Trainee: 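A single structure is presented below for examination.
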Amino acid sequence: MPVKPLTPGPPETEIPGLGSASKGKGKGTTTTSKPLSAAELDIIQKKEPLYGLMSRKVPGSRVRLALESDVNPFTKKPHTAQYRKILEARKKLPVFAQMDEFLTIFNENQVIVMVGETGSGKTTQIPQFVAFSDLPHTRGKMVACTQPRRVAAMSVAKRVADEMDGACTNAFSSTKLSTNYLYL
C-alpha cells in the first residue's frame, strides 16, 4: 500500500458556541451533527472537557475545544499559566495544523507511518492526538512511543508531561495523568 502524505485537512465551518468543525460526508470524515448547547459548552469548558466523546469518533474541533478549556481533561485540575504558554507554541507546529486529517487517518487505519521534518511535532503531538481520539484512560490502557535512546525517551516524556500540564513520574512514563504515556 503506498504511503499517503498528510495534507491540510478538510474545509472548516464555524459552529456557534463550538468554533470550527470539519465538514464532509463519507467514511472517516469528521462531522459535527449539531452545535453544542450552552449547557454542554459550559460543561466542556469548565468541568469535563471530554464530555460526550466516543473513542475513535473525536473530531479535531472537540480536541481543540478540550485543549482550550479551563480544566485539564485528564486530571480535572485547572490549567496552569505555563500550559497556556506552551499551548500557544504547540499551535504553531506543522503537525498541530494537520490534526483533523491525522484523526481521520487514525480512525480508519490500524498502522500509520509518519514522516516529517525534525521539529514538526511528530513525537510530542501525535501521541496526544491519539489520547484524545482513542481515550485509552477510559479502558485502563496507555499510549506507547518508542525512542532510539533512553535519554531521548526521558526528554520527550518530560516535554509531553509539560505540554499536558502533568508531571513526569519516571524515566519512561511521562505523566501522572489518568492517561499514561510510555516512552521506550
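Given the structure is predicted, the values throughout are model-derived calculations rather than measurements. Each residue takes its place number in the sequence, starting with 1.
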Trainee: Does the side chain of Leu65 come within less than 4.5 Å of Leu36's, by heavy atoms?
Mentor: yes

Trainee: Evaluate whether atom NZ of Lys91 has more than 12 neighbouring non-hydrogen atoms of other residues, nucleotides or ligands under 6.0 angstrom away.
Mentor: yes

Trainee: Does the Ser155 side chain pair with the main chain of Ala152, one donor and one acceptor, at a distance under 3.5 Å?
Mentor: no

Trainee: Without swapping roles, check the side chain of Arg62 against the backbone of Tyr51 for a donor-acceptor pair under 3.5 Å.
Mentor: yes

Trainee: Let me confirm one number: the OG1-CD distance from Thr124 to Gln128, rounded to the nearest 0.5 Å.
Mentor: 6.5 Å

Trainee: Backbone N or O of Asp70 within a donor-acceptor pair of the His79 side chain at under 3.5 Å?
Mentor: no

Trainee: Using every non-hydrogen atom in the two residues, find where Val95 and Gly121 come nearest and quote the distance to one decimal.
Mentor: CG2-C, 3.9 Å

Trainee: Aromatic ring centroids of Phe102 and Phe96 under 6.0 Å?
Mentor: no

Trainee: Between Asp162, Asn72, Leu67, which is the residue that forms a side-chain contact (heavy atoms from CB on, under 4.5 Å) with Tyr83?
Mentor: Leu67

Trainee: Given 3.5 Å as the limit, does a donor-acceptor pair link the side chain of Arg56 with the main chain of Phe106, or not?
Mentor: yes

Trainee: Can you tell me how far CD of Gln45 sits from CG of Asp42, rounded to the nearest 0.5 angstrom?
Mentor: 7.0 Å

Trainee: Return the CE to OG1 distance between Met114 and Thr123, rounded to the nearest 0.5 Å.
Mentor: 9.5 Å

Trainee: So that I can tick it off, tell me whether Arg159 and Glu163 are bridged by a salt bridge, with the cut-off set at under 4.0 angstrom between side-chain N and carboxylate O.
Mentor: yes

Trainee: Does atom CD (Glu117) have a neighbourhood of more than 12 heavy atoms from anything else shown, all under 6.0 Å?
Mentor: no

Trainee: At what distance, to the nearest 0.5 angstrom, does OG of Ser69 lie from CG of Leu50?
Mentor: 8.0 Å

Trainee: Using every non-hydrogen atom in the two residues, find where Pro136 and Ala131 come nearest and quote the distance to one decimal.
Mentor: CD-O, 3.5 Å

Trainee: From Met99 CE over to Ile126 CD1, what is the distance, rounded to the nearest 0.5 angstrom?
Mentor: 9.0 Å

Trainee: Honestly curious: do Leu93 and Met164 fall in one hydrophobic cluster under the side-chain, below-4.5 Å linking rule?
Mentor: yes

Trainee: According to a 4.5 Å side-chain heavy-atom criterion applied to Ile, Leu, Val, Met, Phe, Trp and Tyr, with indirect links allowed, do Ile105 and Val130 form part of one hydrophobic cluster?
Mentor: yes

Trainee: To the nearest 0.5 Å, what is the distance between CZ (Arg84) and CD (Glu88)?
Mentor: 9.0 Å

Trainee: Are the charged groups of Asp134 and Arg139 less than 4.0 angstrom apart, N to O?
Mentor: yes

Trainee: Looking at Lys76 and Glu48, is any side-chain nitrogen of the basic one under 4.0 Å from a carboxylate oxygen of the acidic one?
Mentor: yes

Trainee: Distance alone, cut at 3.5 Å: any donor-acceptor contact between the side chains of Thr75 and Asp165?
Mentor: no

Trainee: Looking at Leu103, is its backbone amide N or carbonyl O close enough to the side chain of Asn107 to form a donor-acceptor pair, meaning the two atoms are under 3.5 Å apart?
Mentor: yes

Trainee: Is it true that Val156 and Phe129 fall in one hydrophobic cluster, defined by side-chain heavy atoms closer than 4.5 Å?
Mentor: yes

